[in-house]
Number of protein chains: 2
Amino acid sequence: MKVTIKDIAKRAGVSHPTVSRCLNNSPLVSEETRKRVRQIAAEMHYVPNQNARGLCSNRTDTIGVIVPFCQVSETSLFLDELLQQIRVMLGKNQMDCIVAYDGSRQEQENHALRLVRQGKVDGLLIASSTMSRETVTALEEEGVPSIFYHLVPAWAEEETSTLWVHHDNYRGGFLAGEYLASLGHRRLACVTVAHYAGEKEFTDRLAGFQAGLQIHGSSVAKSHVLTLKELTWEAGKQLAGKVAGLLKETSGVFFHADQAALGFIKGLQEQGLVIPRDYSVMGYDDIREGFMTSPELTTIHQPREAISTLAASMLMERLKGGKLQASQQTLNPTLVVRKSCCTHG
Amino acid sequence: MKVTIKDIAKRAGVSHPTVSRCLNNSPLVSEETRKRVRQIAAEMHYVPNQNARGLCSNRTDTIGVIVPFCQVSETSLFLDELLQQIRVMLGKNQMDCIVAYDGSRQEQENHALRLVRQGKVDGLLIASSTMSRETVTALEEEGVPSIFYHLVPAWAEEETSTLWVHHDNYRGGFLAGEYLASLGHRRLACVTVAHYAGEKEFTDRLAGFQAGLQIHGSSVAKSHVLTLKELTWEAGKQLAGKVAGLLKETSGVFFHADQAALGFIKGLQEQGLVIPRDYSVMGYDDIREGFMTSPELTTIHQPREAISTLAASMLMERLKGGKLQASQQTLNPTLVVRKSCCTHG
DNA sequence: CTGTTAGCGCCTTCAG
DNA sequence: CTGAAGGCGCTAACAG
């Protein structure tokens with residue numbers, strides 16, 4: 001039924017290994033037979049069986065992408081964008097991709113390790129700040145390269161052997177602080193997320209924010225750092241109804257995620273406040289929705305195209321056996337000034 | 001290095017086929033050896049090699065999902081949500097999933113067929129209204145079940161052998177028309193997308209819309225049916241600047257996608273119009289952003305949870321060899337009344 | 001440059 | 001109920 005290299009071999013009058021060589025562009029065949037065999041293969045609509053190939057060569061032409069499990073698709077918008085870019089990049093390299101959820105938080109199945117041990121993937125792109133060192137060590141023992149992107153465990157940032165691409169959260173926070181302070185804000189709030197062990201991106205943002213404010217002699221009071229369970233739109237909106245005091249004590253807020261900032265703005269608007277006249281709101285991430293609403297959101301742009309593209313190309317390079325120029329990359333965020341913050345005082 | 005069933009066999013003092021039987025819960029082994037062998041396998045952290053398994057049993061425990069290629073991630077928001085739900089469903093069934101792009105429009109590679117012929121997937125979930133009958137026939141010849149979800153080719157709706165799950169676009173349009181007319185609107189506009197061969201979802205929506213209006217003795221003039229190249233936010237916003245005449249001749253509009261409707265509202269607002277007081281805008285899809293903006297968008301809800309969940313479970317059922325109750329399902333949309341439309345006249 | 005031989009890890013016959 | 005043998009489709013190691 002299905003056409004195999006043996007069928008091609010018969011038709012071409014050569015042995016199957018020769019066919020294999022032709023198809024894989026081995027230099028060990030004459031240009032002539034190579035062309036002829038490939039011609040025949042094309043005519044017969046030959047498609048190599050990936051399982052057979054994977055079994056003997058350990059190459060599957062598939063890579064695994066591990067993302068955090070998000071019940072609410074809201075929080076995964078950003079990750080979806082990265083995913084899409086990754087998929088396009090991999091497609092250009094004739095690679096498929098299997099997306100699986102990171103189980104490191106829920107103590108569920110370890111899909112990263114499973115995919116590798118099952119021999120389903122050649123490499124891994126991982127967005128997780130909670131993956132354990134043990135898992136990565138196990139991954140390395142299997143001889144499968146993996147690269148962290150976007151979300152990087154704190155321990156991985158220290159180890160020179162770990163590969164990762166993310167952006168400078170400290171600098172992002174700094175840009176936000178420096179900008180808000182430059183507008184004249186002196187008493188600001190900050191809304192972040194309850195963090196788990198090993199995640200330092202949000203603490204970095206806060207530290208950077210403080211540093212940015214300090215340039216203008218300002219700072220955030222501890223009591224003005226709020227923590228949400230999730231940085232979702234709903235959470236942001238709800239928060240707006242419970243911070244009457246905060247609104248009087250501060251003139252603006254820095255949210256660690258656009259989604260929550262947008263919900264917050266909506267909440268304030270429903271109370272009759274005018275943004276930014278009455279209160280300045282700054283976000284983080286630069287999601288698409290940021291300019292759909294009114295006022296358009298001032299925020300920090302994460303270099304998402306670069307993060308996903310770089311991560312994918314690094315992995316491709318590793319799989320080709322090439323050495324990487326840089327194995328750990330911290331990209332720079334940029335300030336995006338729109339309409340949700342204004343001068344104060 | 002890697003532990004195989006032979007290793008387990010040695011440790012357990014049985015032959016490897018026996019180990020295989022134990023692991024696959026074959027009834028041909030005694031309960032006792034089954035337990036013992038499984039125990040040992042667990043201790044040795046055995047993970048079956050999927051390539052080997054796939055090679056001889058033609059089961060990969062992976063399914064392929066084919067989605068239209070969207071350069072702009074904006075348009076894929078809806079599909080991303082469906083995808084996420086599918087992934088969760090498949091995960092519950094211990095299945096991985098490979099997402100690939102539909103090449104039927106760009107005459108690119110036919111990933112659906114490739115994945116199947118490569119033996120990378122056990123089944124296919126396809127969101128495409130442009131896939132050819134030939135491709136599906138070829139798929140069937142390979143013995144791999146496939147199910148269309150959300151986007152279904154017009155030809156497939158006719159053939160009883162094709163499996164699909166989508167929703168009733170005609171009824172969605174009808175609900176919109178009936179509602180707007182009931183609010184007193186008599187002169188309405190409709191914004192749709194340039195459609196390609198084989199796609200009838202949008203013509204269905206328009207036909208339903210007309211039918212809904214007719215109940216109240218109204219209709220849409222041909223000149224008031226506008227066509228955009230893409231139903232994106234930007235396109236909707238741009239449109240708002242070019243329809244001064246339309247705004248005078250009509251009192252409201254029905255967009256065939258929320259994204260474009262939201263952009264349109266934003267565009268009108270920037271001209272100083274107040275929605276819905278000055279003009280009513282209705283969307284379609286019920287995307288999340290619909291209630292993030294002001295005014296919150298009145299729209300038609302597509303039963304997306306049901307579509308993706310049903311499609312996935314139908315495929316699982318088929319793979320288990322079960323017969324399907326219903327192989328073609330048209331689900332019902334619902335009207336979501338929010339704040340972007342008001343009474344007129 | 002090409003053909004022969006072997007084997008990847010597993011499942012599926014077949015004997016016993 | 002269990003073991004022995006064979007083969008899935010392909011690539012890799014040798015010969016020639």
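Order of the sequence lines sets the chain letters (A, B, ...), proteins ahead of strands, with each chain counted from 1.
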Not counting sequence neighbours, which residues clear side-chain hydrogen bond (donor to acceptor under 3.5 Å, both in side chains) with A:Gln328? List them please.
A:Trp164
Between B:Pro68 and B:Asp102, what is the shortest heavy-atom contact and its length?
CA-CB, 4.2 Å
Where are the stems of DNA chain C, defined as at least 3 consecutive Watson-Crick or wobble G-U pairs with both distances under 3.5 Å?
C:1-16 with D:1-16
Does any N or O in the side chain of A:Asn110 come within less than 3.5 Å of the main-chain N or O of A:Ala112, such that one atom is a donor and the other an acceptor?
yes
For residues A:Asp7 and A:Met44, determine if any side-chain heavy atom of one lies less than 4.5 Å from a side-chain heavy atom of the other.
yes
Within residues 115-124 of chain B, find the residues that approach DNA chain C with a heavy atom at under 4.0 Å, and present them sorted by residue number.
none
With side-chain hydrogen bond (donor to acceptor under 3.5 Å, both in side chains) as the rule and sequence neighbours excluded, what pairs involving residues 86-96 of chain A come up?
A:Asp96-B:Arg114, A:Asp96-B:Lys120
Please tabulate, one pair per line, all N/O donor-acceptor pairs under 3.5 Å involving side-chain atoms of residues 156-163 of chain A, not counting sequence neighbours.
residue, atom, partner, partner atom, Å
A:Glu159, OE2, A:Arg133, NE, 2.5
A:Glu159, OE2, A:Arg133, NH2, 2.8

Counterpart residues, side-chain hydrogen bond (donor to acceptor under 3.5 Å, both in side chains), relative to B:Arg304 (two or more places apart):
B:Glu81
Which residue pairs pass the salt bridge (charged side-chain N to carboxylate O under 4.0 Å, His left out) test when at least one of the two sits in residues 28-47 of chain A, sequence neighbours left out?
A:Glu31-A:Arg34
Bounds of contact between DNA chain D and chain B, in 5' to 3' order, using a heavy-atom cut-off under 4.0 Å
D:dC1 to D:dG9
Listed partners of A:His167 passing side-chain hydrogen bond (donor to acceptor under 3.5 Å, both in side chains), at least two apart:
A:Tyr284, A:Gln302
Protein heavy-atom contacts under 4.0 Å, written 5' to 3' over nucleotides 9-16 of chain C as B (base), S (sugar-phosphate only) or - (none), form the string BBSBB---
Write out all pairs satisfying salt bridge (charged side-chain N to carboxylate O under 4.0 Å, His left out) with one or both partners inside residues 56-68 of chain A, taking only residues at least two apart or from two chains.
A:Arg53-A:Asp61, A:Arg59-A:Asp61
Going by the rule ring-ring contact (aromatic ring centres under 6.0 Å, His included), which residues pair with B:His111 if we only count those two or more places apart in sequence or in a different chain?
none
Which of these passes side-chain contact (heavy atoms from CB on, under 4.5 Å) with A:Met95: A:Thr62, A:Ile63, A:Val121?
A:Ile63
